[in-house]
K.L.:
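One structure, as structure tokens, below. Some questions next.
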Amino acid sequence: VSTFPQNNMEIENDLAHHTFYVDFAPRGQLDLRIRPAQIRIIGSDEGRIVVRVGGRQGRDSKDVEARFEKHGNSGVLEVKGRPRNDVSITVQVPRELSLVVRVFAGDVEVRDVVGDKDVELNFGALTIGVGDVNDYSTVKASVSSGEIDAKPFGASHGGLFRSLEKSGSGKYRLRAYVGAGRLTLE
């Protein structure tokens, strides 16, 4: 891992062969920008971020890169590189945090994260483990073309321009968007 303390940036240029670790305190805000892949974002009780690459072609890659930049209690993690197919990426994050995720395409799963969640996927399948539905003050979920399955919130819709909006007394916000594909809140 290369570290540049003057701008709080850490880089791992060979993520396929080296796991990326960086300290990150709970209750911060983390923005994830991840290349297309099968992606699992999992909350953990550890105060750090861990990124691993796998899949049939993931271990053969020589240019999957993780770049993390920290500013106070906020951070931005970007994972990019090739190959385009048969790659899985697992990102372990502190369980309690405010999470923003942007992915162009893939199969994305978010589990065991407590806090605000703002997740966008242009194409593919997005599954978010919501935990206790009473923890949310606002829930906004939408799909331009595809299906929303949100059983914990009493909704399931298919077709074009489907959405779900709920208000509650909780303290967290949930926003989820899929351009074309499937959105599951469970």
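This chain uses plain numbering: 1 for the first residue, then up along the sequence. Not measured: the values here are computed from a predicted model.
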K.L.:
Restricting to non-hydrogen atoms, name the atom on Met9 and the atom on Ile11 that form the minimum distance, rounded to 0.1 Å.
P.N.:
SD-CD1, 3.9 Å
K.L.:
Report yes or no: do Val76 and Tyr21 belong to one cluster of Ile/Leu/Val/Met/Phe/Trp/Tyr joined by side chain heavy-atom distances under 4.5 Å?
P.N.:
no
K.L.:
Return the minimal non-hydrogen interatomic distance between Gly47 and Pro26, and the atom names on each side.
P.N.:
CA-CD, 4.4 Å
K.L.:
Ignoring hydrogens, what is the shortest heavy-atom contact between Val139 and Tyr136? Give both atom names and the distance.
P.N.:
CG2-CB, 3.8 Å
K.L.:
Would you say Thr184 and Leu126 make side-chain contact, with heavy atoms under 4.5 Å?
P.N.:
no
K.L.:
Please answer: with hydrophobic residues joined when any side-chain heavy atoms are less than 4.5 Å apart, are Leu77 and Val22 in the same cluster?
P.N.:
yes
K.L.:
Is it true that Arg48 and Asp23 have a side-chain N and a carboxylate O under 4.0 angstrom from each other?
P.N.:
no
K.L.:
Say whether Asn122 and Glu120, considering side chains only, have a donor N or O and an acceptor N or O under 3.5 Å apart.
P.N.:
no
K.L.:
Does the side chain of Tyr177 come within less than 4.5 Å of Leu121's, by heavy atoms?
P.N.:
no
K.L.:
Just so I know, are the side chains of Val87 and Arg35 near enough to count as touching, which here means a heavy-atom distance under 4.5 Å?
P.N.:
yes
K.L.:
State, to 0.1 Å, how close Ile89 and Ala37 come at their nearest heavy-atom pair, and which atoms those are.
P.N.:
CD1-CB, 3.9 Å
K.L.:
Determine, stepwise, if the pair Val50 / Thr19 fulfils side-chain contact (heavy atoms from CB on, under 4.5 Å).
P.N.:
CA-CA 7 Å; Val50 180; Thr19 300; 3.6 Å; yes
K.L.:
Is there side-chain contact between Gln92 and Glu46, with heavy atoms separated by less than 4.5 Å?
P.N.:
yes
K.L.:
Are any of the side-chain nitrogens in Glu69 or Arg67 under 4.0 Å away from the carboxylate oxygens of its partner?
P.N.:
no
K.L.:
With a cut-off of 3.5 Å and sequence neighbours excluded, list every side-chain donor-acceptor pair involving residues 96-114.
P.N.:
unit_1: Glu96; atom_1: OE1; unit_2: Arg27; atom_2: NH1; d: 3.3
unit_1: Arg102; atom_1: NH1; unit_2: Asp118; atom_2: O; d: 3.2
unit_1: Arg102; atom_1: NH1; unit_2: Asp118; atom_2: OD1; d: 3.2
unit_1: Arg102; atom_1: NH2; unit_2: Asp118; atom_2: OD1; d: 3.3
unit_1: Arg102; atom_1: NH2; unit_2: Asp118; atom_2: OD2; d: 3.4
unit_1: Glu109; atom_1: OE1; unit_2: Arg40; atom_2: NE; d: 3.4
unit_1: Glu109; atom_1: OE2; unit_2: Arg111; atom_2: NE; d: 2.6
unit_1: Glu109; atom_1: OE2; unit_2: Arg111; atom_2: NH2; d: 3.4
unit_1: Arg111; atom_1: NH1; unit_2: Glu186; atom_2: OE2; d: 2.8
unit_1: Arg111; atom_1: NH2; unit_2: Glu186; atom_2: OE2; d: 2.4

K.L.:
Using every non-hydrogen atom in the two residues, find where Ala176 and Ile128 come nearest and quote the distance to one decimal.
P.N.:
CB-CD1, 3.8 Å
K.L.:
From Ile49 CD1 over to Leu32 CG, what is the distance, rounded to the nearest 0.5 angstrom?
P.N.:
7.0 Å
K.L.:
Any Lys/Arg nitrogen of Glu10 or Lys70 sitting under 4.0 Å from an Asp/Glu carboxylate oxygen of the other?
P.N.:
no
K.L.:
Any donor-acceptor pair under 3.5 Å linking the side chain of Lys117 with the backbone of Gly115?
P.N.:
yes
K.L.:
Which side chain to side chain donor-acceptor pair (under 3.5 Å) pairs, counting each pair once, include a residue from residues 157-174, with sequence neighbours left out?
P.N.:
Asp116-Arg173
K.L.:
Got a second to check how far Ser144's OG is from Phe123's CZ, nearest 0.5 Å?
P.N.:
9.5 Å
K.L.:
How long is the straight-line distance from CZ of Arg52 back to OG of Ser88, given to the nearest 0.5 Å?
P.N.:
11.5 Å
K.L.:
Give me the ring orientation class for Phe68 and Phe20: parallel if the planes are under 30° apart, tilted from 30 to 60°, perpendicular past 60°.
P.N.:
tilted
K.L.:
Starting at CG of Leu164, measure out to CG of Leu183 and round the result to the nearest 0.5 Å.
P.N.:
8.5 Å
K.L.:
Which heavy atom of Leu185 sits nearest to which heavy atom of Ala141, and what is that distance?
P.N.:
CD1-CB, 4.1 Å
K.L.:
Begin from the C-alpha positions of Phe24 and Leu30 and carry the test side-chain contact (heavy atoms from CB on, under 4.5 Å) through to its verdict.
P.N.:
CA-CA 9 Å; Phe24 192 76; Leu30 179 62; 4.1 Å; yes
K.L.:
With the side chain counted from C-beta on, respond yes when Ser142 and Phe161 share a heavy-atom pair under 4.5 Å apart, and no when they do not.
P.N.:
no
